[in-house]
K.L.:
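Below is one structure. I have some questions about it.
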Amino acid sequence: MSRMTKYLKQKAVVEVMKVDEHDKPILDMYGDPSYHVPVTIPCRRERVLQDIQTTTGSIVRSSTTYYTDETISVKVGDKFDGKPVIDFEEYVDGRGLIEGYRVVVV
């Protein structure tokens, strides 16, 4: 259990994007990414307006930031409460182990 866990008093529904062995998204019959069954995890949610530069160079305005512990691995493309993840940051402890994530959604 991470040191962050005691601060996670809210809940978020997370949909993890399905990827193949080359880390490419698995698309459904309509060409959209497919997702695993949604799970509810503890989190801390903050309303924060900030501009994020994506990997394509475009600027996107973010409205919500989530803080989670290490129980679920996060990547760009996953969804938190139905909103796509556009950026995330790992929190690492003194031993080099991931303790949690700061997740930014649209």
Side-chain angles (χ1 to χ4, degrees):
M1 179 162 65
S2 114
R3 293 179 292 165
M4 295 178 69
T5 305
K6 64 183 174 183
Y7 300 107
L8 308 178
K9 305 293 185 192
Q10 298 167 309
K11 300 283 184 192
V13 176
V14 178
E15 298 172 71
V16 177
M17 183 172 53
K18 293 181 182 179
V19 295
D20 62 15
E21 63 274 359
H22 303 292
D23 238 11
K24 301 289 183 195
I26 297 174
L27 304 179
D28 63 12
M29 59 192 231
Y30 302 108
D32 297 323
S34 56
Y35 294 88
H36 292 282
V37 175
V39 294
T40 301
I41 62 166
C43 73
R44 179 174 176 208
R45 182 183 315 111
E46 291 182 355
R47 303 270 314 162
V48 178
L49 291 177
Q50 62 182 352
D51 293 333
I52 302 290
Q53 185 171 5
T54 65
T55 56
T56 61
S58 63
I59 304 292
V60 178
R61 169 129 320 167
S62 165
S63 63
T64 309
T65 300
Y66 292 86
Y67 296 91
T68 69
D69 58 13
E70 80 288 352
T71 56
I72 191 164
S73 180
V74 178
K75 61 186 173 302
V76 173
D78 293 346
K79 290 183 179 180
F80 274 63
D81 291 333
K83 301 172 186 173
V85 173
I86 57 173
D87 194 21
F88 69 93
E89 178 182 357
E90 297 172 339
Y91 287 111
V92 179
D93 66 9
R95 299 170 294 170
L97 301 174
I98 295 175
E99 210 172 37
Y101 296 92
R102 176 183 166 271
V103 180
V104 180
V105 299
V106 176

K.L.:
Which pair of non-hydrogen atoms, one from Ile86 and one from Val106, has the smallest distance, and what is that distance?
P.N.:
CG2-CG2, 3.5 Å
K.L.:
Using atom types as modelled and distance alone, determine if a side-chain donor or acceptor of Ser34 lies under 3.5 Å from a backbone N or O of Ile26.
P.N.:
yes
K.L.:
Does one hydrophobic cluster hold both Val103 and Val39, with members joined at side-chain heavy-atom distances below 4.5 Å?
P.N.:
yes
K.L.:
Would you call Lys79 and Tyr35 a side-chain contact if the rule is heavy atoms closer than 4.5 Å?
P.N.:
yes
K.L.:
Under the ring-ring contact (aromatic ring centres under 6.0 Å, His included) rule, what pairs show up with a residue in residues 39-81, not counting sequence neighbours?
P.N.:
Tyr66-Phe80
K.L.:
So which atom in Thr64 and which in Arg47 form the shortest heavy-atom distance, rounded to 0.1 Å?
P.N.:
OG1-NH1, 3.6 Å
K.L.:
Taking all heavy atoms of Phe88 and all of Tyr101, pick out the closest pair and write down the distance.
P.N.:
CD1-CD2, 4.0 Å
K.L.:
For Arg45, I'd like to know if atom CZ has over 12 heavy atoms of other residues, nucleotides or ligands within 6.0 Å.
P.N.:
yes
K.L.:
Decide yes or no on side-chain contact (heavy atoms from CB on, under 4.5 Å) for Glu70 and Leu97, but give the supporting numbers first.
P.N.:
CA-CA 9 Å; Glu70 80 288 352; Leu97 301 174; over 6 Å; no
K.L.:
For the NZ atom of Lys18 and the CG atom of Asp28, what is their distance to the nearest 0.5 Å?
P.N.:
9.5 Å
K.L.:
Look only at the side chain of Lys9 and the backbone of Lys6, and say whether a donor-acceptor pair between them is shorter than 3.5 Å.
P.N.:
yes
K.L.:
Could you state the interatomic distance from CZ (Arg102) to CD (Glu46), rounded to the nearest 0.5 Å?
P.N.:
9.0 Å
K.L.:
Does the salt bridge (Lys or Arg N to Asp or Glu O under 4.0 Å) test come out yes or no for Asp81 and Lys83, once each step is laid out?
P.N.:
CA-CA 6 Å; Asp81 291 333; Lys83 301 172 186 173; over 6 Å; no
K.L.:
Does Met17 offer a backbone N or O that forms a donor-acceptor pair with the side chain of Asp78 under 3.5 Å?
P.N.:
yes
K.L.:
For Ile59, what are the other residues in its hydrophobic cluster, where any two members join if their side-chain heavy atoms are less than 4.5 angstrom apart?
P.N.:
none
